[in-house]
Amino acid sequence: MSRTWTVFRAFGLRATFLFTVLLISYGGDEVAVFALTFHLSSSGALFVAGLQVAALLPGVLLGRYVGKLLIGRRPGPVVAAASTAQAAIAVLLSFDLPSTATVGLVALLAVVNTFSVTMLNAALPMLAATEVAESAYGLGQSASSLAMVLGPLAGVGLFAVAGVRGALLIDAATFLAVAAYGVAVRAVSVADDAEPDTKPERGRLTGTAILTVGLVFVVIGTTAGTDVAFVFLVRQHMPDSAVAVLGFATAAWAIGILLGSSLVSRVSSVSPVVRLALSGSLIGAVYLACGLAPTAAVLLSTFVLGGVANAIFNATLRAAIYRMAGPLEATRAFGTFLAGANAAVLCGIAIATPFAEGASATAYAVGGCAALLAALVAIPVALRTHAEVPAENVAS
């Protein structure tokens, strides 16, 4: 935690302000997801699955278009407009609607979210006022990890006291807070690239880059799909302490993300492909270990390591995309990435869900093995990276 505070002191007030806003936003989302999932579970598993699909599919269909549309736009006004629209949709969701209408509104919320997520991903280094992209994305990971712990806890209390409507109105309020932030930073503009005759050469889609992207999506898809089996793994193999283990395991992963987020800037000198390969390998190994030995001790101890690797993997990936695309083209790149990542997650969910309840340990072991193998294949690719990409392009 002290290292995270060092990041705050290095960035100053703008980073602390940004962190607070992201924490509020992510926390509100966690509260809403908890409330909606619990509410729709009474209508059957089909509607719970529909909720997940509705949240992911718009990013697949619209990611590239939204990224292209946002090129050159200031992040503040976009975030403000999108968050205001999301607040209005959250208010509509708070009414007692049929399950089908709820899923439809979640899909609409996800459409608007595509705009805000794409813009925030592309503008995070500028909003944090840092030249070290890994630090900015690590800061975002820190906010997300705290929200993973605090959001569900707040969701339980709000759901018990105020029901679904109260939880969703709180979510609407968090969207309005993010909208206010967008208004406050409306003057921040996209950093201009260098002049055409002095602009450094951006990363190319070499064979290495294409293969690495494919391997990254395998890691994302297999681990996201395996997560469907998480609750069943705990309930089946640790029935006497399932609730406690579920909560502590989530907290352990979040603590790992906090630790990993404070390390990303310290390892930024290592090649991005090497970082992706090693952190992806560790994530896969954690899932594999939990599938082979599904005990509370293994789960709680390895989840901290998994969180550390997850933070480094995510921050490295986003910083690499930002650097390869450049500030002006970052929205296009992140829109395309959102489409690919959401598609990978949907594929992973579709493959793993049929086995999640009856063979949760096997699902974890197979998913972890697939992620581990994909990341291991990336290691020899990483060793060839410097032969294809000049060192100054990797470090810039």
Working for side-chain contact (heavy atoms from CB on, under 4.5 Å), residues L176 and Y181: CA-CA 9 Å; L176 290 178; Y181 172 79; over 6 Å; no

Tell me, with the steps shown, if Y26 and V21 meet side-chain contact (heavy atoms from CB on, under 4.5 Å). CA-CA 9 Å; Y26 293 141; V21 170; over 6 Å; no

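Transitive grouping of hydrophobic side chains (ILVMFWY, heavy atoms separated by less than 4.5 Å) brings V178 and F115 into a common cluster. Following chains of ILVMFWY side-chain contacts shorter than 4.5 Å, one cannot reach V106 starting from V33, and the two form parts of different hydrophobic clusters. Clustering ILVMFWY residues whenever any of their side-chain heavy atoms sit less than 4.5 angstrom apart, transitively, puts I71 in a cluster other than the one holding M126. When hydrophobic clusters are built by joining Ile, Leu, Val, Met, Phe, Trp and Tyr residues whose side-chain heavy atoms come closer than 4.5 Å, directly or via intermediates, M119 is grouped together with L69. Hydrophobic clustering of Ile, Leu, Val, Met, Phe, Trp and Tyr side chains at less than 4.5 Å, counting indirect connections, unites L92 with L169.
Remark: side-chain polar atoms of T353 are not paired, donor with acceptor, to backbone N or O of A350 under 3.5 angstrom. With hydrogens and angles disregarded, no donor-acceptor distance shorter than 3.5 Å links the side chain of T316 to the backbone of F313. With S83 contributing its side chain and A80 its backbone, the two residues share no donor-acceptor pair below 3.5 Å. Checked by atom type and distance alone, the side chain of T226 pairs as donor or acceptor with a backbone atom of T222 at under 3.5 Å. Counting only distance, with no hydrogens or angles, the side chain of T223 and the backbone of I220 share a donor-acceptor pair below 3.5 Å. Of the possible polar contacts, one joining the S94 side chain to the V91 backbone as a donor-acceptor pair under 3.5 Å is found. Using modelled atom types, one side-chain atom of N342 and one backbone atom of L56 make a donor-acceptor pair closer than 3.5 Å. Between the side chain of R275 and the backbone N or O of V267, at least one donor-acceptor pair lies under 3.5 Å. In terms of modelled atom types and a separation under 3.5 Å, the side chain of R235 and the main chain of F232 share no donor-acceptor contact.
Within the 4.5 Å cutoff, side-chain heavy atoms of Q52 are placed close to those of I349. Side-chain contact between T302 and C290 is present, with at least one heavy-atom pair separated by less than 4.5 Å. Considering only heavy atoms from C-beta on, L338 stays 4.5 Å or farther from L62 through its side chain. Between V264 and N314, the closest side-chain pair of non-hydrogen atoms is not below 4.5 Å. No side-chain heavy atom of V345 sits under 4.5 Å from any side-chain heavy atom of F217. Contact annotation: the side chain of L70 never approaches that of Y65 to less than 4.5 Å [non-hydrogen atoms, C-beta and beyond]. Side-chain contact between L282 and V308: absent, with no pair of heavy atoms (C-beta onward) separated by less than 4.5 Å. Annotation: side chain of P75 is not in contact with side chain of R186 (no heavy-atom distance under 4.5 Å).
The two residues Q86 and S116 come nearest to each other via the heavy atoms OE1-OG, 3.7 Å. Taking each heavy atom of V53 and P58 in turn, the nearest pair found is O-CD, 4.3 Å. In terms of heavy atoms, N121 sits closest to Y137 at O-OH, 2.5 Å. Smallest separation of non-hydrogen atoms from I257 and Q141: CG2-O, 3.4 Å. In terms of heavy atoms, L93 sits closest to L97 at CA-CD1, 4.4 Å. Contact record, G280 with A375: C-CB, 3.4 Å, taken as the closest heavy-atom pair.
Here the CG-CG distance, from L18 to L124, works out to 5.5 Å after rounding to the nearest 0.5 Å. Going from atom CG of L139 over to atom CZ of F19 covers 6.5 Å, rounded to the nearest 0.5 Å. Rounding to the nearest 0.5 Å gives a distance of 12.0 Å between CG of D171 and CD1 of I24. Between L288 atom CG and S281 atom OG the span is 12.0 Å, to the nearest 0.5 Å. The CZ atom of R64 sits 8.5 Å away from the CZ atom of R332 when rounded to the nearest 0.5 Å. From L372, atom CG reaches atom CD1 of I283 across 11.0 Å, with rounding to the nearest 0.5 Å.
Taking the six-membered ring for Trp and thresholds of 30 and 60 degrees, W253 and F303 have ring planes more than 60 degrees apart, a perpendicular arrangement.
Taking the six-membered ring for Trp and the full ring otherwise, Y322 and F334 have centroids separated by 6.0 Å or more.
Under a cutoff of 6.0 Å and an axis angle of 45°, R165 and F95 form a cation-pi pair.
Other residues, nucleotides and ligands contribute at most 12 non-hydrogen atoms within 6.0 Å of the CZ atom of F355.
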